[in-house]
J.: 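Here it is, the structure, as structure tokens.
Start at 1 and go down the list; that is how both ligands and their atoms are numbered.
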Amino acid sequence: MIALFDSGVGGLSVFKELVKIAPDEDYIYYSDNANCPYGEKPVGEIRERALRISGLLIGKGADIVVVACNTATAAAIDFLRKKFTIPFIGMEPAIKPAALESESKIIGVLATAGTFKGELYKNTSVKYAKGVTVIERVGKGLVELVENGRTGYDEAAAAVKECVGPMTEMGADRIVLGCTHYPFLEEVIKKCAPNAKIINPAPAVAKHTLEVLQAGRRDKNAERRKTGSLTLISSGDNSVLIRMAKAIWDGPVHVESDIQ
Ligand code: DGL
């Protein structure tokens, strides 16, 4: 079973890509929306949540956990890998493809404050963005818009323009989505930055997850006990989560609550 978790519905952008390439797997998705957003939270607090959620998902039979949140990856992925023995997949800031492909050598990165502060982001930009101007912007208010299902142009354009405006003005031709919530605003971002190509790391993360899962099964000669199921768990109100998951997943959905 593939488990994913995020501060809210954002990780569904990774789930969506997984379903495209592995539609008959069993999935369990945890939305920690009672504690959303993670973006400005102290690292220790995010680690505690990540530890609890991962323990719960593993207790329910997860073979692999996707930390489908850039902020939680930055705060907790090394910590989780030390605590548990099953594989953990994190979100990679897609600076490398953006920097390599960019013709203007100016790229924009949209992420949370927590992601920008993390070692993973710093190391990736030092390694791959040499000779490239990187315009970093915190996507202020964007997570909240997605959590409330307000992803239409009229509702989201003002907040999106505020973040991507400086990128387009400076000539960025690539915009990296460094938060898993942002792909749900991709159409709005495209309209606000028509000359930039949007880079979403979710398809690459999904592909990598499946490769790691399959390699693990080969190593253990493990039987696949797949039925193509989806369980959704949330720590808060689950109405938007269910609606968005059902737009991705055709089969039956089992819903649980983890309200503390
Ligand atoms: N989806 C998260 C991320 O990728 C969430 C951000 C937040 O909760 O602030 O960073």
J.: Tell me the nearest of Gly39, Pro183, Gly178 to atom 9 (O) of ligand 1, using heavy-atom distances.
T.: Gly39
J.: Under 4.0 Å, heavy atoms only, figure out whether ligand 1 is touched by the backbone of Asp6, its side chain, both or neither.
T.: side chain
J.: Is the closest basic N to carboxylate O distance between Glu48 and Arg52 below 4.0 Å?
T.: no
J.: Indicate the atoms forming the closest heavy-atom contact of Ala76 with Arg47, along with that distance.
T.: CB-CG, 3.9 Å
J.: Is it true that a side-chain atom of Glu45 and a backbone atom of Pro42 form a donor plus acceptor pair closer than 3.5 Å?
T.: no
J.: Please state which option from Asn70, Val143, Val138, Leu12 has its nearest heavy atom closest to atom 3 (C) of ligand 1.
T.: Asn70
J.: Tell me the protein heavy atom at minimum distance from atom 5 (C) of ligand 1, and give that distance in Å.
T.: Ser7 OG, 3.3 Å
J.: Measure Pro37 to ligand 1 on non-hydrogen atoms and call it side chain, backbone, both or neither using the 4.0 Å cut-off.
T.: both
J.: Counting only heavy atoms, which portion of Thr112 has something under 4.0 Å from ligand 1: side chain, backbone, both, or neither?
T.: side chain
J.: Can you tell me if Ser102 uses its side chain to pair, donor with acceptor, with the backbone of Ala99 under 3.5 Å?
T.: no
J.: Just wondering, more than 12 heavy atoms not from Asn123 lying within 6.0 Å of its CG?
T.: yes
J.: Starting from atom 10 (O) of ligand 1, find the nearest protein heavy-atom neighbour and note its residue, name and distance.
T.: Thr71 OG1, 2.5 Å
